[in-house]
Amino acid sequence: MSVALLWVVSPCDVSNGTSFMESVREGNRFFDSSRHRNLVSNERINRGGGKQTNNGRKFSVRSAILATPSGERTMTSEQMVYDVVLRQAALVKRQLRSTNELEVKPDIPIPGNLGLLSEAYDRCGEVCAEYAKTFNLGTMLMTPERRRAVWAIYVWCRRTDELVDGPNASYITPAALDRWENRLEDVFNGRPFDMLDGALSDTVSNFPVDIQPFRDMIEGMRMDLRKSRYKNFDELYLYCYYVAGTVGLMSVPIMGIAPESKATTGSVYNAALALGIANQLTNILREVGEDARRGRVYLPQDELAQAGLSDEDIFAGRVTDKWRIFMKKQIHRARKFFDEAEKGVTELSSASRFPVWASLVLYRKILDEIEANDYNNFTKRAYVSKSKKLIALPIAYAKSLVPPTKTVSLQR
């Protein structure tokens, strides 16, 4: 199972150091992955001005602290993730204290013979335009600086996802992912390996983006190499954060929070995180059959057992009353995360709202399609038709025109 990122570009062969751009130029090959979500759906926000506090609370559908059989108290996955949220929010606040506007550097040469930085960003934009058409259209409303930065993050996430879910996935080892992470460190230290790395390196030098969500996404890829079952929702939540929620935290500083927003920085980050979780849960529910054919079950094992179901029922593809009841509960959970995410989209800068709303509205409709298929996600793939998309997009645009709330509605 891959990043909830709609499409992902074929990455370089990190095991032998082959440049991603070289592989693209040799055949201009791009590959579709089996489970992706638009980068937008998980991305968000960096306030353009105004006083902020960091007391937004984490969206939670369960207790943040668990007790072990020995009586010790342990931190849940949600609390661990929230610590990352707070660190990123604090990074944004430090940046805003030092400047009212984000400084954007002029075009600079990239190491090697790959040309200027503007060419690198243009290449990222071409990838986004080809494989995320709706999202790319929405980014046209952003400022050029933010639009190019979002493209760079999109492409890095796409390349990372392809490592374990692309055509070369069978050759990827934990050591290869370690090398990919070392390369990420170089990007953040201003030492890009290729053109697309150069675009990301420039982006993270201009925006208050923390490296931890990028590292965590790579950790999600490691999980895909070693894990095919999740014993409870706490484990599944952590996986969803790694492969999808991280994208929101990466993008929060890029998308921008509206200057007039009264929401706390932490709470808007939380909404971005919730959208990533919602989209990944939707991917999981949509592709139960596809994952089963690969020997994978991305559903909480304890909840399956409570419903009187097992892996064997999934592999057999039986749509029973027990399955329908189980699926209704899973869809309800995903919708709760979408509800939480909606609170934060309104707080975005005006130019960033539409692509996020479009992604949210369209992805949420996939849950409706699963229901319309009588919960048969074994042999029927739920998708939103073009006609329904054409109806939904004006609705998303109308929602994007709604200004931020006047009160601190995201504080709880």
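Just so you know, these numbers use all the heavy atoms, side chains as well, and skip hydrogens, waters and symmetry mates. Bear in mind the structure is a predicted one, so any value in this text is a computation, not a measurement.
At a cut-off of 3.5 Å, with distance as the only test, no side-chain donor of T203 or N206 sits close to an acceptor on the other residue. With hydrogens and angles left out, the side-chain atoms of R286 and N283 include a donor and acceptor closer than 3.5 Å. Defined by atom type and a distance below 3.5 Å, a donor-acceptor pair is present between the side-chain atoms of R296 and Y298.
When the side chain to side chain donor-acceptor pair (under 3.5 Å) test is applied to R364, the partners found at least two apart in sequence or on another chain are D339, E342. In terms of the ring pair (Phe, Tyr, Trp, His ring centres under 6.0 Å) criterion, residue partners of F214 (sequence neighbours excluded) are, by chain and number, W156, F188. For E181, the salt bridge (charged side-chain N to carboxylate O under 4.0 Å, His left out) test picks out R222, with sequence neighbours left out. Qualifying salt bridge (charged side-chain N to carboxylate O under 4.0 Å, His left out) partners for K227, counting only residues two or more places apart in sequence or in other chains: E235. For S170, there are no side chain to side chain donor-acceptor pair (under 3.5 Å) partners two or more places apart in sequence or in a different chain. When the side chain to side chain donor-acceptor pair (under 3.5 Å) test is applied to Q330, the partners found at least two apart in sequence or on another chain are E303, R333. Residues satisfying the salt bridge (charged side-chain N to carboxylate O under 4.0 Å, His left out) test with R324, not counting sequence neighbours, are D321, D374. Partners of R318 under the salt bridge (charged side-chain N to carboxylate O under 4.0 Å, His left out) rule, at least two apart in sequence or in another chain, are D313. Y397 is linked by a ring pair (Phe, Tyr, Trp, His ring centres under 6.0 Å) to F354, counting only residues two or more places apart in sequence or in another chain. Checked against side chain to side chain contact (heavy atoms under 4.5 Å, CB included), S350 has the following partners two or more places apart in sequence or in another chain: R353. Residues passing the side chain to side chain donor-acceptor pair (under 3.5 Å) test with Q301, sequence neighbours excluded: D311.
A donor-acceptor pair under 3.5 Å is formed between the side chain of T246 and the backbone N or O of Y242. A donor-acceptor pair is defined here as one N or O able to donate and one able to accept, closer than 3.5 Å; no such pair exists between the side chain of D161 and the backbone of V164. No donor-acceptor pair under 3.5 Å is formed between the side chain of N189 and the backbone N or O of R191. For the pair N377 (side chain) and V288 (backbone), a donor-acceptor distance under 3.5 Å is absent. D194 places a side-chain N or O within donor-acceptor distance of the main-chain N or O of D197, the cut-off being under 3.5 Å. Between the T346 side chain and the K343 main chain, no donor and acceptor come within less than 3.5 Å of each other. Side chain of W323 to backbone of Y375: a donor-acceptor contact under 3.5 angstrom is found.
Proximity of L275 to V356: side-chain heavy atoms (C-beta onward) are separated by under 4.5 Å at one or more points. In this structure, V319 and F378 have side chains that are in contact, with non-hydrogen atoms separated by less than 4.5 Å.
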Go through the steps for E145 and R148 under the test salt bridge (Lys or Arg N to Asp or Glu O under 4.0 Å), then give the verdict.
-> CA-CA 5 Å; E145 295 78 18; R148 300 196 318 170; over 6 Å; no
Might you work through the salt bridge (Lys or Arg N to Asp or Glu O under 4.0 Å) test for E126 and R123, ending with a clear yes or no?
-> CA-CA 5 Å; E126 291 170 5; R123 189 71 189 100; 2.8 Å; yes
Between I277 and Y237, is a side-chain contact (heavy atoms from CB on, under 4.5 Å) present by the stated rule, with each step listed?
-> CA-CA 7 Å; I277 301 298; Y237 177 94; 4.1 Å; yes
Salt bridge (Lys or Arg N to Asp or Glu O under 4.0 Å) evaluation trace for R215 with D210 | CA-CA 10 Å; R215 291 177 180 144; D210 186 34; over 6 Å; no
Given the rule in the salt bridge (Lys or Arg N to Asp or Glu O under 4.0 Å) test, do E219 and R226 qualify, once you have shown the distances and angles that lead to the verdict?
-> CA-CA 11 Å; E219 183 61 29; R226 67 175 185 263; 3.3 Å; yes
So Y154 and S251, side chain to side chain donor-acceptor pair (under 3.5 Å) or not? Walk me through it.
-> CA-CA 9 Å; Y154 175 89; S251 308; over 6 Å; no
Report the C-alpha separation of E340 and N270 in whole Å, then their side-chain angles, then the decisive distance to 0.1 Å, and conclude whether the side-chain contact (heavy atoms from CB on, under 4.5 Å) test is met.
-> CA-CA 8 Å; E340 187 70 15; N270 240 6; 5.6 Å; no
List the steps, then state whether side-chain contact (heavy atoms from CB on, under 4.5 Å) holds for T264 with Y269.
-> CA-CA 9 Å; T264 64; Y269 268 84; over 6 Å; no
Residue pair S310, L304: steps toward the side-chain contact (heavy atoms from CB on, under 4.5 Å) verdict = CA-CA 6 Å; S310 66; L304 282 170; over 6 Å; no
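Note: L367 CG to R335 CZ = 5.5 Å, rounded to the nearest 0.5 Å. In this structure, the separation between OG on S349 and CG on L141 is 10.5 Å, given to the nearest 0.5 Å. If you take CD1 on I314 and CG on D291, they are separated by 10.0 Å, rounding to the nearest 0.5 Å.
For residues 386-398, the set of pairs meeting the salt bridge (charged side-chain N to carboxylate O under 4.0 Å, His left out) definition, not counting sequence neighbours, comprises E369-K388.
Salt-bridge formation is not detected for the pair D178/R183: no Lys NZ or Arg NE/NH1/NH2 atom is positioned less than 4.0 Å from an Asp or Glu carboxylate oxygen.
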